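For reference, the structure is listed below as structure tokens.
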Amino acid sequence: MSDTIFMKIINKEIPSDIIHEDDQCVAFRDVNPQAPVHFLVVPRKAIPRLQDLSPEDEPLIGHIHSVITLLADKEGIAEGYRVVANSGASAGQSVFHLHFHVLGGRPMHWPPG
Ligand code: 5GP
């Protein structure tokens, strides 16, 4: 299977505005932001959807959420932000490499639609 756009970003084959990287994950700003702050946190491991997680991925998902809290502080949105993972096309997933959207800097509404 060919690499997704996010694997190309992880491998620095295409440019992106990376705000964090470590041995397990990479975070970069969304190219089409839906809020004043909108970045994506993606595992280096090629997991297509949240629904494809396996028990061995549990530490990775915990790590990603720790990174999200650190980046929320750095980005100045720690007081309130939203984390979204669209799992599957019918949920709105368009890139099939697991990613967590982090949105902040404006009031969030519910339900999200
Ligand atoms: P999804 O719809 O899969 O939940 O979210 C995919 C997100 O990736 C969208 O918000 C979209 O704007 C973003 N995106 C798609 N292609 C690129 C890209 O090449 N660079 C960056 N930085 N974001 C992208």
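All of these numbers come straight from a predicted model, not from anything done at the bench. For ligands, and for the atoms within them, numbers begin at 1 and follow the listed sequence.
Annotation: the span from Asp57 atom CG to Lys45 atom NZ amounts to 3.5 Å, rounded to 0.5 Å.
Here's the thing with Ser94: one of its N/O atoms is less than 3.5 angstrom from an N/O atom of ligand 1. Any N or O atom pair closer than 3.5 Å counts here, and Asn86 shares at least one such pair with ligand 1. At under 3.5 Å, not a single nitrogen or oxygen of Ile9, backbone or side chain, sits near a nitrogen or oxygen of ligand 1. Looking at ligand 1, you won't find any N or O of Gln93 less than 3.5 Å from one of its N or O atoms. Residue-to-ligand polar distances place Gly92 within reach of ligand 1: an N/O pair is separated by less than 3.5 Å.
At least one heavy atom of Leu40 sits closer than 4.0 Å to an atom of ligand 1. Ligand 1 lies within reach of His101, whose nearest heavy atom is under 4.0 Å from it. For the pair Phe96 and ligand 1, no heavy-atom separation below 4.0 Å is found.
Linking ILVMFWY side-chain heavy atoms closer than 4.5 Å, directly or via other members, places Met108 and Val84 in a single hydrophobic cluster.
With His97 as the fixed residue, the side-chain contact (heavy atoms from CB on, under 4.5 Å) test singles out one of Ile5, Ile10, Leu40: Ile10. Applying side-chain contact (heavy atoms from CB on, under 4.5 Å) to His20 and the options Leu71, Leu70, Val26, Val41 leaves one that passes, Leu71. Between His38 and the options Arg29, Arg82, His101, a side-chain hydrogen bond (donor to acceptor under 3.5 Å, both in side chains) holds for only His101.
Of all atoms in ligand 1, numbered sequentially from 1 with element shown, those under 4.0 Å from a heavy atom of Ile5 are 19 (O).
Counting only heavy atoms from C-beta outward, the side chains of Ile19 and Lys74 never approach each other to under 4.5 Å. Counting heavy atoms from C-beta outward, Val95 and Val42 have side chains that stay 4.5 Å or more apart. For the pair Ile47/Leu53, a side-chain contact is recorded, criterion being any heavy-atom separation below 4.5 Å from C-beta on.
Below 30°, between 30° and 60°, or above 60°: for His65 and Phe100 the angle between ring planes is above 60°, a perpendicular geometry.
Looking only at protein heavy atoms, the nearest one to atom 22 (N) of ligand 1 is Arg29 O, 2.9 Å. Protein heavy atom closest to atom 8 (O) of ligand 1, with residue, atom name and distance, is Phe6 CZ, 3.3 Å. Nearest to atom 1 (P) of ligand 1 among the protein's heavy atoms is His99 NE2, 3.2 Å.
Which of Val95, Val31, Asn32, Asp30 comes nearest to atom 7 (C) of ligand 1 through a heavy atom is settled by distance: it is Asp30.
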